[in-house]
Protein chains: 2
Amino acid sequence: MADVARRAGVSTGTVSRALRDLPGVGDETRELIKATARELHYVISPEASQLSRGSTGRVAIVVPRLHNWFYAEMVSALERVLRDGGLDVLVYQLDGEAKRLHFFDALPSRRKVDAVVLVALPVLTVEAERLDFMGAQVLVAGGRIRDFPYVGVDDHAIGVAAVEHLAALGHRRIGMLRTSDTEGAYWSSDAERSRGFHDALAAAGLPDDEAYVVTEPYAVDAGARAMRRLLALPEPPTAVFAYSDELAIGALRELQVAGIDVPGRMSLIGVDGHPTADLFGITTFDQHVGDQGRLTGQLVLDALARGDGAVLPANRVDFDLVDRGSTGPAPAGTGAGRGKRGVSAQPRGTRRARTRRTARGGA
Amino acid sequence: MADVARRAGVSTGTVSRALRDLPGVGDETRELIKATARELHYVISPEASQLSRGSTGRVAIVVPRLHNWFYAEMVSALERVLRDGGLDVLVYQLDGEAKRLHFFDALPSRRKVDAVVLVALPVLTVEAERLDFMGAQVLVAGGRIRDFPYVGVDDHAIGVAAVEHLAALGHRRIGMLRTSDTEGAYWSSDAERSRGFHDALAAAGLPDDEAYVVTEPYAVDAGARAMRRLLALPEPPTAVFAYSDELAIGALRELQVAGIDVPGRMSLIGVDGHPTADLFGITTFDQHVGDQGRLTGQLVLDALARGDGAVLPANRVDFDLVDRGSTGPAPAGTGAGRGKRGVSAQPRGTRRARTRRTARGGA
DNA sequence: CGATCAGACGCAAACGTTTGCGTTAATACG
DNA sequence: CGTATTAACGCAAACGTTTGCGTCTGATCG
């Protein structure tokens with residue numbers, strides 16, 4: 001910057017003001033300075049700038065892992081709006097308890113960023129306490145942690161809606177597929193979606209057999225393994241609610257391999273809005289992950305712009321039932337014989353009922 | 001830091017040295033300082049530190065988009081080794097030509113990072129020129145750009161291997177599925193994989209019908225649409241080489257819907273090592289994306305540690321043929337009738353021939 | 001025409017580290 | 001015991017901005 005100032009015959013203060021379009025600089029001087037800067041390929045040093053003004057112009061996005069549709073989609077949406085807002089995005093992957101502990105212990109992002117967005121990150125209570133030392137805005141996307149401002153869907157309502165949808169089709173034996181990637185830490189979406197599931201079963205007077213809820217460690221074939229366990233039961237359910245579309249895809253694959261018609265002999269419904277679930281015609285609750293990410297990004301931008309840490313504490317995003325035909329009426333007999341071999345009944349041109357559900361308040 | 005120094009009764013210089021384990025500090029003094037720092041929850045200001053020493057401790061990862069298995073996997077692997085190396089990771093998504101131009105024009109990462117990793121980013125020649133102004137190490141992962149050091153597989157060899165594999169099974173009508181997400185910019189992997197495909201067809205004396213190579217704009221159902229176009233041909237191929245596993249998955253779905261047995265009536269082979277392709281039993285060339293990411297990260301670490309910009313210019317990673325049973329002998333008759341309805345022949349416990357292929361030199 | 005005012009610009013003190021150099025004290029050696 | 005050597009530590013100048021305040025110039029108004 002000193003170079004530019006010398007060459008333009010002004011002081012560095014004027015250069016600083018001119019380049020940032022602040023008042024107090026004459027028009028021709030400003031132009032001269034800008035031209036000189038361009039000419040010298042001058043780029044401001046962010047370090048010096050931030051050291052002086054106090055803010056970093058960066059925000060951290062913390063996720064359990066990236067190679068996973070939900071997180072990648074969320075980060076992708078977040079990154080776009082944050083960058084459009086002139087902020088740089090730092091990504092932290094906290095896979096495994098060890099890394100998570102280290103992160104919360106060393107607080108590496110303190111003073112490195114202006115805000116931290118935790119994306120669907122299961123966190124232990126002790127870890128959550130440490131977040132207060134972060135020294136930055138903390139937001140949560142895709143679920144809830146402590147009392148931090150968050151963006152997410154009403155997971156309890158999703159669990160309820162799933163059971164209601166299946167019960168309305170006449171199903172009485174309804175199972176649920178879960179995956180345990182929380183490593184013992186509490187995660188609101190999983191807990192509340194399950195609670196909604198059980199609550200709705202009770203409300204509808206349907207059996208709530210604990211064998212119908214299977215949990216598999218996270219992996220690409222978790223859904224397949226979970227479905228296999230359900231199918232091995234003496235009296236398997238006739239409909240299954242999968243915690244995520246990824247699980248539903250694995251489950252569908254297993255059903256294809258086992259030659260069980262969907263939805264003829266087994267109804268399947270997931271959650272997310274995963275594009276591959278669309279490809280395979282799986283009915284799902286679209287939770288508009290992109291919208292969640294964009295909204296979170298906007299909240300960050302607003303909070304940082306206003307300076308004060310005032311953020312709307314609860315931001316619920318709508319979810320939609322997207323009926324692609326993987327759910328259907330319950331089979332007539334209870335112990336009906338093996339149905340015809342085949343795959344999903346709705347090949348292409350899937351109909352999208354888009355039963356819009358308005359978001360409900362906090363649980 | 002001034003606080004710590006005052007409280008410990010030493011100068012800031014000593015604090016700086018003590019905390020970074022530099023020599024010139026007495027053992028008890030060092031311990032005292034460290035204890036004091038802990039007590040005050042002191043964290044170093046990266047801005048000031050970097051302003052003083054010159055390096056940023058950050059590296060930028062530039063990708064076309066994130067919500068995509070290949071990129072997410074690559075970034076994920078990169079992030080891990082870079083963070084383990086003590087570096088922070090900045091992610092830039094350059095979807096769309098506009099953003100790409102802006103990035104290369106404004107050079108936002110100049111002086112913001114010590115190194116830039118371009119992940120499979122198609123780039124125009126003019127844009128590549130501007131990279132010289134980056135003022136940072138530039139590396140390329142998953143392909144090649146100009147003369148920058150890169151990490152990647154031998155894409156030409158993959159194209160050749162695919163055709164050889166299918167030809168060995170007796171196929172004579174071999175198609176290829178491509179996706180165009182390069183927006184007109186050149187991308188080495190696509191170009192070389194295609195060239196390998198055509199070269200191998202010629203070498204094997206097989207027909208190279210241009211109708212057998214279909215390109216669809218990037219989307220989740222690109223593979224399905226591409227396969228549909230092939231099936232609509234008067235004489236469709238009996239085997240198909242998909243540029244990526246994502247395309248192969250879409251193609252498989254289309255074949256399921258159309259009731260065409262795989263590999264009975266149609267063989268299918270992809271590239272990547274996508275976990276979902278594993279789930280669906282799709283034979284593929286695993287290009288070890290994680291390894292590519294890790295290797296790239298290590299190269300960055302090494303280059304930064306050594307200070308000089310000397311990086312091995314070419315770093316080839318092996319690829320493996322993972323046979324999961326979606327390829328089989330060519331059907332006997334040319335115009336055989338509709339085969340039996342069903343899905344992939346190898347349900348679970350997929351065999352993994354893992355025909356290891358040593359990487360070959362440059363194209 | 002003198003006083004007032006506003007806009008344009010320079011000055012210099014922060015911001016929080018790092019690091020070369022100088023000083024001090026302690027130890028070792030003759 | 002005096003001197004050379006070494007380790008421990010303080011001092012202060014960078015690093016490249018931002019920004020409050022002061023000064024100067026030219027214009028406006030009564």
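In this text, all values refer to a predicted model and were calculated from it rather than measured experimentally. We name chains A, B, ... by the order of the sequence lines, and we start the count at 1 in each one.
- When all heavy atoms are compared, the tightest approach of B/V59 to B/V300 is CG1-CG1, 4.4 Å.
- The shortest heavy-atom contact between A/I145 and A/L121 is CD1-O, 3.3 Å.
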Worksheet entry | Chi angles and distances behind the salt bridge (Lys or Arg N to Asp or Glu O under 4.0 Å) call for A/D21, A/R30 | CA-CA 8 Å; A/D21 284 324; A/R30 187 185 304 276; 3.7 Å; yes
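- Nearest-nucleotide assignment on DNA chain D puts the 5′-proximal partner with B/G9, out of B/G9 and A/S52.
- For the helix from C/dC1-D/dG30 to C/dG30-D/dC1, the rotation axes defined at the first and last 5 base pairs enclose an angle of 40°, given to the nearest 10°.
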Practice prompt. Evaluate the criterion side-chain hydrogen bond (donor to acceptor under 3.5 Å, both in side chains) for residue pair B/S52 and B/S49; output intermediate values, then yes/no.
Written response: CA-CA 5 Å; B/S52 184; B/S49 169; over 6 Å; no
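- For the residue pair B/Q50 / B/S55, no side-chain donor-acceptor distance below 3.5 Å is found, with atom types taken as modelled.
- Both B/S11 and A/R17 lie close to DNA chain D; mapped to their nearest nucleotides by heavy-atom distance, the more 5′-ward contact belongs to B/S11.
- First and last contacts of DNA chain D with chain A, using any nucleotide atom under 4.0 Å from a protein heavy atom and ordered 5' to 3', fall at D/dG16 to D/dG20.
- Nucleic acid contact class of B/G26 (heavy atoms, under 4.0 Å, all strands): sugar-phosphate only.
- Remark: B/D27 CG is loosely packed, at most 12 non-hydrogen atoms of other residues, nucleotides or ligands lying under 6.0 Å away.
- Here the closest heavy-atom approach between residue A/M1 and residue A/V15 is recorded as CG-CG1, 3.8 Å.
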